[in-house]
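Just so it is clear: chains get the letters A, B, ... in the order the sequence lines come, proteins before strands, and each one is counted from 1. Quick caveat, the model's predicted, so the values are computed rather than measured. The figures that follow rest on heavy atoms only: side chains count, while hydrogens, waters and symmetry mates do not.
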Amino acid sequence: MSSESPPSIPPYLETLNPEQREAVLHWGRPLLILAGAGSGKTRVITTKIAYLIREKGLDPRSILAVTFTNKAAREMADRARLIDDRAGAAVMRTFHSFGAWFLRRYGSRAGINPGFVIYDDDDMVSLLSTLMEDAPRAEIKETARCISRAKDYLLSPGDPGLDRIDYRKSFRRIYRRYEERLAQIGNVDFGDLIGKPAELLRTDGELAERIRRRFKAILVDEYQDSNIAQFELLKELWGGGAYLCVVGDDDQSIYRFRGAEVRNILEFPSRFDGADIIRLERNYRSVAPILAAASSVVDHNRGRLGKTLRAERGTGKLPVLAFLPDQDEEAAFCADLIENSVTSEKNRALYSDWAILYRTNAQSLGFETELLRRRIPYRVVGSLKFYEREEVKDALALLSFLVNPRDEVAFRRVVNKPARGVGAVTADRIVLEAGSPPEPRPETDRDLFDEAPASSGPGPGDLAAAARRLLPGLSPKAASGLRDFLGAVEQGRTFLGMEETAKGGGKRKLPKTGGELRAGEGLSVCLVHLVDAAGIAAYHLARDDIAGNQRIGNLQELANAASMYPSSEEGLLEFLEHIELDRTMEEDTGDGDSVTLITLHNTKGLEFRRVIMTGNEQGLFPREEKRDDDLEEERRLFYVGATRAMDELYLTSCAMRRVFGSVKAAEPSLFLREADPAAFRVVGNAPPGFASSRYGGKGTGPHRSRRSGAPPQAPPAVSSDGRWRLGNRVFHDDYGYGAVVEIRESDDGPVVRVHFETGREVHFLSPVQGAKFLKVEDDG
DNA sequence: TAGTTTTAAGTTTTT
DNA sequence: CTTAAAACTA
């Protein structure tokens, strides 16, 4: 369905290229936009939202735009509003946040408590540990992972397809009990945020019809990262009537490990019969050599839709491939590059032009240390452990217990913190006493655009009520401790207007506490009081006065964040939901000119003028023994990382790497060998197979390139067993690459002296090579 | 039951 | 090496 070209093109469409414009104007059948890296897809989506409102006359509230990260959702909303202010009323959310929104409004139809709290992975593990009492931690974590995966594939405990996830008989039993417990508690996990809405729409025809009346256009960004459950949810929302437009790039699918199905995008045309496809293949971000290097690697993947990116920016600097001795040199190499660039006379760079990319969060530490030492400003994106800190989780557990007194996980976490004489045995009794699940609440019908969630209330299963009933039977110490805890909780609930007061309801002033934390506006008053009254702040201060003060600081930061929310039950729910779904802290200041440290996964959707991809070593990237589909995913990750770079790209590979304290030798990444050799300029001590532009260096033996065409050296000596000759390249698991520099005969056989690239020399007895010691290259 | 010491495990990647 | 979990003692 192409548009009847209007006589005059609105100005906001003028700057689009023909394919982009076609994608924006498209209407009718489902549309798949295959958007290569840097092809301006966000621009297309945001423009399309504005177009639907302006030219198609859609009510903004009938447009649903889904992304995978909160940052992307925010950016989409900001940019769409810039084109047309009305776009702000469209529903622009992540899949999970949409699911939460949906469940709070309509979940009661399926007996879901609208005041649910979202359980993260840690909470899952906590709940599971009450179900798998004597199991080791690792097994519980593995079970939690399997349950998450099962939910990604929309598999219930009774589903025969569950064997694909976990074949253990016990798994089904535990999964079923986990679901029962979660339902009793009245909370949901991440998977439920997708699965429950999908299920609800599938079984509740009236609701489905109503939702389909509302959402006339559905747009999905980063579609290649969607999983089966998300596909089903999308299908239900679409219902055959809405306009559906998905945007993605199969080459950038990097979330298989959490259930993403590349097939969703590969098979989109067949799943949505008669879908149109538009390709955006003009790359406006990277210079041609960067694109060529990235493509030459991802070209090794099978099963792609295939596209050819054209570099609109034209030629530029060749990517640099640097071989370095170890990770300290790697950090120094990065710091040197950055320092030189910001002081250079011509073509001066800003710190913020630079990004250092790595595979695992653990790698950031070395870079942080070096940058700190050199006083280079940096910021670490993601890996925010703030919400994983003990004191922060304690405070959040208290708040969660306020909204949901059935929350066993939260209750167990804080009921005996600080020690109140209420141990595991007493906690078990209270949970048992609370017993039966509550009645499902009747659904209240509301207007199509009404977005207020139904309010929750206490009911059976209330742990606070159960604890109160058991008070008389407890030891004086336990009873008094429990009373303190219940008192703090009740004060909090009363303050938020959730508890009927004796004198006719309404909010009540909190008694003053001489606590360590300062209360600010709104919800922070409640949080601060609760943390003080429950003794959390004092507990952490008492344990350690150095770390304790740091912890008080963290609690203060949490309180500051809470002050943005209204002091009410709704405000509290909003606050908790925001924290569960978006753990990226607000950027402190946007004005800071600093280097970005970031994992490869986190870079998606971002761009930087200059990018350093570090740790290109076998075992680290690609990780371990990745094979087949998993290896292809790592390759796509390489592609994603490389295509973040606009002007300059650097790749580093170390000969040695410290892991768990001890050093291990490393081989260059497979991806470096797969890349077109002409795509890089190689610097440093290149291992065999890589043409180095610099020769010699540290006199580490012969250092010829395969492509140099130099005549082979005459072999001056060969070991008596014929295994070794001088100049042989060798590789040792612990020492890395080296060369045989001496051969002599001993009573036990030939002994070789090997000089390694790290400068170390080691003697080996020829027969006892073991698997750790291999000959890499035959001379001559 | 609470707090301490000893031992072992861990590094993917994230909503 | 660092951190979390099991084991142990008061």
When you compare B:dT11 with C:dA6, how far apart are their P atoms, in angstrom units rounded to a whole number?
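Comparing P positions in B:dT11 and C:dA6 gives a spacing of 14 Å.
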When you look at A:Glu408 and A:Arg412, which way does the salt bridge (Lys or Arg N to Asp or Glu O under 4.0 Å) test go after all the steps?
CA-CA 6 Å; A:Glu408 181 188 339; A:Arg412 284 182 190 274; 2.9 Å; yes
When you check the phosphate oxygens OP1 and OP2 of B:dA2, does a side-chain N or O of A:Asn416 lie under 4.0 Å from one of them?
yes
Assess whether a salt bridge exists between A:Arg658 and A:Asp326, defined as any Lys/Arg side-chain N lying under 4.0 Å from an Asp/Glu carboxylate O.
no
With heavy atoms under 4.0 Å as the rule, sort A:Arg137 into base, sugar-phosphate or nothing.
sugar-phosphate
Just checking A:Asp121: base, sugar-phosphate only, or nothing, at a heavy-atom cut-off of under 4.0 Å?
base
Toward the 5' end of DNA chain B, by each residue's nearest nucleotide, A:Val425 or A:Thr94:
A:Val425
Whole-Å distance between [N] [atom2] and [X] [atom1]?
X	N	atom1	atom2	result
A:Phe68	B:dT14	CZ	C1'	12 Å
A:Asp192	B:dT15	CG	C1'	13 Å
A:Tyr119	B:dT14	OH	C1'	21 Å
A:Arg420	B:dA2	CZ	P	11 Å
A:Lys604	B:dT15	NZ	P	11 Å
A:His578	B:dT15	NE2	P	12 Å
A:Lys477	B:dT1	NZ	C1'	7 Å
A:Trp101	B:dT15	CH2	C1'	19 Å

Is [X] reaching over with its side chain to a backbone N or O of [Y], donor-acceptor style, under 3.5 angstrom?
X	Y	result
A:Arg636	A:Ile254	no
A:Arg149	A:Phe257	yes
A:Thr369	A:Leu365	yes
A:Glu580	A:Glu577	no

Which pairs, protein N/O on one side and nucleotides 5-13 of chain B N/O on the other, fall under 3.5 Å?
| unit_1 | atom_1 | unit_2 | atom_2 | d |
| --- | --- | --- | --- | --- |
| B:dT11 | O3' | A:Arg623 | NH2 | 3.3 |
| B:dT12 | O2 | A:Arg359 | NH1 | 2.9 |
| B:dT12 | O2 | A:Arg359 | NH2 | 2.1 |
| B:dT12 | N3 | A:Lys626 | NZ | 3.3 |
| B:dT12 | O4 | A:Lys626 | NZ | 2.6 |
| B:dT13 | OP1 | A:Asn361 | N | 2.6 |
| B:dT13 | OP1 | A:Asn361 | ND2 | 3.4 |
| B:dT13 | O2 | A:Arg359 | NH2 | 2.5 |
| B:dT13 | O2 | A:His601 | NE2 | 3.4 |

With a 3.5 angstrom cut-off on both distances, give the Watson-Crick or G-U wobble partner of [N], or none if there isn't one.
N	result
B:dT1	C:dA10
B:dT13	none
B:dA8	C:dT3

Below 4.0 Å from chain A heavy atoms, what is the first contacting nucleotide of DNA chain C and what is the last?
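Here the contact window of chain A covers C:dC1 to C:dA6.
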CA sep, side-chain torsions, deciding dist, call: A:Lys417, A:Asp394, salt bridge (Lys or Arg N to Asp or Glu O under 4.0 Å)
CA-CA 9 Å; A:Lys417 199 177 226 181; A:Asp394 291 344; 3.2 Å; yes
Does the pair A:Glu390 and A:Arg413 meet the rule for a salt bridge (Lys or Arg N to Asp or Glu O under 4.0 Å), with working shown?
CA-CA 10 Å; A:Glu390 185 185 351; A:Arg413 183 176 184 100; 5.4 Å; no
Walk me through it: do A:Asp630 and A:Arg256 pass the test salt bridge (Lys or Arg N to Asp or Glu O under 4.0 Å)?
CA-CA 8 Å; A:Asp630 286 335; A:Arg256 204 176 115 86; 3.1 Å; yes
For residues A:Phe68 and A:His96, establish whether the separation of their ring centroids is below 6.0 Å.
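Distance test on ring centres: not under 6.0 Å, no.
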